Structure formats: C-alpha cells, structure tokens
2 protein chains.
Amino acid sequence: MGLDPGRRSIGARRNPDSADAILDAAEAVLVEAGYSGFSIEAVARRARAGKPTIYRWWPSKAALLFDVYQRLKRVDHPDTGNLEDDLVGFLKSLFSHWRETSSGSIFRSLIAEAQSDATVAAVLAEYTKGRHAHTGQMVERAKARGEVAADVDATLVADLVASFAWTHLLTNRLDADETTLRRAVGYVLKGIEADGSVDPAAVRRGRRRVIGRVTG
Amino acid sequence: MGLDPGRRSIGARRNPDSADAILDAAEAVLVEAGYSGFSIEAVARRARAGKPTIYRWWPSKAALLFDVYQRLKRVDHPDTGNLEDDLVGFLKSLFSHWRETSSGSIFRSLIAEAQSDATVAAVLAEYTKGRHAHTGQMVERAKARGEVAADVDATLVADLVASFAWTHLLTNRLDADETTLRRAVGYVLKGIEADGSVDPAAVRRGRRRVIGRVTG
DNA sequence: TCGGCGAAACGAAACGGCCCGTTTCGTGCG
DNA sequence: CGCACGAAACGGGCCGTTTCGTTTCGCCGA
C-alpha cells in the first residue's frame, strides 16, 4: 500500500495490541466526532496512547484512516449469472455496508483527505483502480456468456456504476431504494430508450433540428 | 445561498473593492497553495487585509470558497437538438472548464469541505440539486421531441452523468478524451449492447424483461 | 457650497485554544 | 542492556475573536 511502510518491520520487538487499540480508537473517534474531529491527538487520547506511538506505526493521518477502512472487510459479491443483478446487488450491498458500518464515514474522509494530500490521492487512485477492475469482472463474465458485446469497455461501465455510488456517499444519499438502483443500472446496461417504444421518425426529426436557440 | 447573509446589508456604508481583492486573493491562494494551504490567514496576508474584515463578510471558509466558485461563470450549454450531443457537449465543456480555470480546484475543495461541515454539505446539496435539474432539462427536451420515453427519470440520468464528472474531478481524471465521454454517455442513453454486433438472442436471454413501459 | 463630525469599515496585532509533528524523559519488560 | 511505551512539552500554524488606532465616506449645519 505504501502508506505504512515500516510496520511490523524486522527490528520491531513487539506491538502487543496497542496497534489494535489505536485502530479501535480511531474508528470510534471518526464515528463519534466525524471527520472534522478526527485528529491524531484525539485518537491518542481515546486510546490512552502517546502520539509518538501512533506516528511510529503510521506515517500520516491518512495511513491510519486507510488501515481502519481496510479492517472492515467487505462481502464478496456472488455471481448471479446476470449482469444487471450482479451490479444491482453490488450497489445494494455497498450502500448498506456504507450505511450500516463506519465504512461510509471512513471512506468519505479518505476521499476528502485525498483532495488535500497528493500521496493519499495516489493511493486512493490505485485502490479504486483495483476496485474498478473487480467490478469490471462482472462485465467480463457477461461478455463470456455472450450477454454483452465483446468490445464493451468494462472499466468504463464499472466507472459509471462506481461514480454513482461515490457521489451518493459524498452527498448523503445512501438511502436510495432498490428500485432506483435497478433503474440506474438499467439505464447503463440498456439505455433509456431500451424498449423501443419511441417513434423513430420523431427521433430523426429531432436530430435534424440543430439550428437556432444557441445561448439557452 | 444562505452562506453570506449580511453581505451588503442596508447599513453597510461601503465595501470599496476590498471584497473583490479578498476574492482575488482567495482564488490565487487556492491555485498556488492548493486546498491544504488555503486558510483565512493566508488569504488575509495575500490580500493585505485583516482577518476580521474577511470574517465580517463571510461567515466561514466555505462561504468564501463558494463565492469564489460562483464568480467563475460557466458557459450555458446550447440546445443541439440531440440528447447525446447535448450531454457530451455538457461533459466536454464542464471538463475543460474545470481543467482550464481554477473552478476545478475550487469545486474539489468545496466537496472536501462538505465532508467535514454539515452546513456546507447542505448548501452543496441544494446547489447540485439545481444543477441536476438544469441538466435534466436536456432530457426533458428530448422527451418533448419524442426522442426518449416520457417516463424516463430525467433527474436520475442527470445524476449518472454528473456523478461521472464528479469522480473524474475528484480523482484527477479530467483528461478523458471526447471518445470516452461519448462512449460513457452512449452507455447511459443506449446501453452497453448498442455499440457492438452481438447476437440479439443472447442479449435477450441475459436481459430481464421490461413490462409496462408507458409511452408519452 | 463647503467644512467638519461621527459612524462604519478598515489593517494590524494579540488573545486563548487546538492541533501539528517532533523531542525528551521516566518506566516497564524481555 | 535495549527497546517500546505513556506522558509531557516543544515551536509552529491556524482557528475565530477582541482590541486598538486609522481611514473613508455620508450626513448636516454653517
């Protein structure tokens, strides 16, 4: 990960469970006081630990955040044999995971931190790249089934779906119901014209009418 | 907006251009030092102004940020008569606007700030709600043209497109070329099965049946 | 028309408070 | 002994507020 390089290095004699206590405290502080109240000093106070101890194990606030986030393991998403169900299930469980554990707050904080710390941004970029690849596998499986065309950009589809999740996390809209999630995924997979109920002539008419009404 | 309530109130005698100088300084500090270097004291130093002057006019750092952002007017997007072109043009000009002015840095900072300040989050939510409505108008126009079904959720489409823009801003990926933007918009409008030659039977097999679509 | 007065906004400086990241010191344990 | 630890304190920065003396106008009476 690159954010906690020297951790558990060879020379380290011991680390009883103070590290775990610190991670516990960090999570608690983050949940109770929010990102604005999340400081190394606050974590140290809560863990009854010294600041130098924290700095010995984590080089930055973000590294600590990242470790806290990764402690909360995420459920792996089953292969339903159908891309839409795969993606809806993914969003559903991700939303509830973010809502019902402290993961949501922590990940929000990580994204915020990345906006003011380039090294965090780099780590976050690498992490999300991996996540996108993972989500993209759902599309790849659909390709293998012949469900979608082989030239579909799986990463881009993952990007669209993950982007939807990110902004809903960042703007306190994790309460979207399954119908909305399914509709959103449906748009990406089948488009908004999917059932062909639209008069093609009208569409063609609309496309030709390009002139005029510029400034809006 | 609610973030700068007393500004230019009746009793205010004058505000020569110190306010503008402060906004200029704020923008400059943000561009040169980034969000992490953006502090009221730094802005005051740069503007050769006193901190109380800044606090007299803006109640918080975020309010100042918001004013700086709104000073940079955005081009209104022309009606091309075609939804795909409307949305691609929207993304293209938004990306270049974020890339080539300081708007990108500022908006990133606003989003980050919203993660630790609830009042900022509320203002940002209202702002983006309005932006979504604006983007949704493109879909509504397409409905009026008969280009898309009348029961399409215009806000949700706007949400998908804007989410894509947000995450690309937040993860330093504003360099997407027009092909990628067009492909992303194409997925949302026409689905991922539209751009390739795929066996329709296989598609239908994988697809869930859509029932009861109401036509306009 | 003009001069002066006072209110309001200003720049500068300093306040207590919090947090940063680091250093020092005494303790406990292998 | 050697090392990790908790605790305390370091200088530095920014927070939001207060105080102080100055400047800039609007108002009003001469």
Side-chain angles (χ1 to χ4, degrees), chain A residues 3-26 29-30 32-65 109 112-113 115-120, chain B residues 3-26 28-30 32-65 67 109 112-113 115-120:
Chain A
L3 271 183
D4 48 350
R7 201 166 165 207
R8 292 178 198 269
S9 63
I10 304 171
R13 281 275 199 87
R14 83 212 122 121
N15 151 47
D17 33 24
S18 76
D20 282 322
I22 289 170
L23 288 172
D24 288 340
V29 166
L30 198 47
E32 292 171 14
Y35 180 50
S36 56
F38 182 74
S39 68
I40 297 291
E41 294 208 339
V43 173
R45 276 195 301 269
R46 171 103 190 191
R48 298 189 166 278
K51 283 198 295 174
T53 303
I54 297 181
Y55 280 107
R56 182 182 345 261
W57 299 70
W58 294 275
S60 71
K61 183 156 75 173
L64 180 55
L65 268 177
S109 305
E113 189 77 15
Q115 306 312 311
S116 54
D117 185 332
T119 73
V120 183
Chain B
L3 270 182
D4 48 351
R7 202 164 165 208
R8 291 179 199 269
S9 63
I10 304 171
R13 283 278 201 82
R14 84 212 121 120
N15 151 45
D17 33 27
S18 77
D20 282 323
I22 289 170
L23 288 171
D24 287 341
V29 166
L30 199 46
E32 293 171 12
Y35 180 50
S36 56
F38 182 75
S39 66
I40 297 290
E41 297 210 338
V43 173
R45 276 195 301 269
R46 172 99 189 195
R48 300 189 164 279
K51 284 200 293 174
T53 303
I54 298 182
Y55 279 107
R56 171 168 14 246
W57 300 75
W58 294 275
S60 70
K61 184 157 76 173
L64 180 56
L65 269 176
D67 266 19
S109 305
E113 191 76 13
Q115 305 313 309
S116 54
D117 184 333
T119 72
V120 183

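On a predicted model such as this, the values are computed, not experimentally measured, just so you know. Below, chain A is the first sequence line, B the second, and so on; all start at residue 1.
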Check every strand shown and say whether B:Arg56 touches a base, only sugar-phosphate, or nothing at a heavy-atom separation below 4.0 Å.
-> base
When rounded to the nearest 0.5 angstrom, what is the spacing between CD1 in A:Ile54 and CD in A:Glu41?
-> 9.5 Å
Atom pair OH (B:Tyr55) and CG (B:Leu64), whose distance is rounded to the nearest 0.5 Å = 10.0 Å
Reported CG-to-OG distance for the pair A:Leu30 and A:Ser36, which is rounded to 0.5 angstrom = 9.5 Å
Note: B:Ala47 and B:Ala25 closest approach over all heavy atoms is CB-CB, 3.5 Å
Does the side-chain contact (heavy atoms from CB on, under 4.5 Å) test come out yes or no for B:Arg46 and B:Glu32, once each step is laid out?
-> CA-CA 11 Å; B:Arg46 172 99 189 195; B:Glu32 293 171 12; 2.8 Å; yes
Decide yes or no on side-chain contact (heavy atoms from CB on, under 4.5 Å) for A:Leu23 and A:Trp58, but give the supporting numbers first.
-> CA-CA 11 Å; A:Leu23 288 172; A:Trp58 294 275; 3.8 Å; yes
All stems with DNA chain D, defined as three or more consecutive Watson-Crick or G-U pairs under 3.5 Å | C:1-30 with D:1-30
Compare all side-chain heavy atoms of B:Trp57 with those of B:Asp67 and state whether any distance is below 4.5 angstrom.
-> no
Nearest heavy-atom pair of A:Ala62 and A:Val120: which atoms, and what distance?
-> CB-CG2, 3.1 Å
Find every protein N or O atom lying less than 3.5 Å from an N or O atom of nucleotides 12-16 of chain D, and list the pairs.
unit_1	atom_1	unit_2	atom_2	d
D:dC15	OP1	B:Ile40	N	3.1
D:dC15	OP2	B:Ile40	N	3.2
D:dC15	OP2	B:Glu41	N	3.1
D:dG16	OP2	B:Tyr55	OH	2.3
D:dG16	O5'	B:Tyr55	OH	3.4
D:dG16	N7	B:Lys51	NZ	2.9
D:dG16	O6	B:Lys51	NZ	2.6

Could you state the CZ-C1' distance from B:Arg48 to C:dA9, rounded to the nearest angstrom?
-> 19 Å
Provide, to the nearest angstrom, the distance between the CH2 atom belonging to B:Trp57 and the P atom belonging to D:dT17.
-> 17 Å
Taking the side chain of B:Pro52 as its heavy atoms from C-beta onward, which of C:dA13, D:dA4, C:dC10 lies nearest to it?
-> C:dA13
Does A:Thr53 have a side-chain nitrogen or oxygen under 4.0 Å from the phosphate oxygens OP1 or OP2 of D:dG6?
-> yes
B:Ile22 CD1 to C:dA9 C1', in whole Å, measures 11 Å
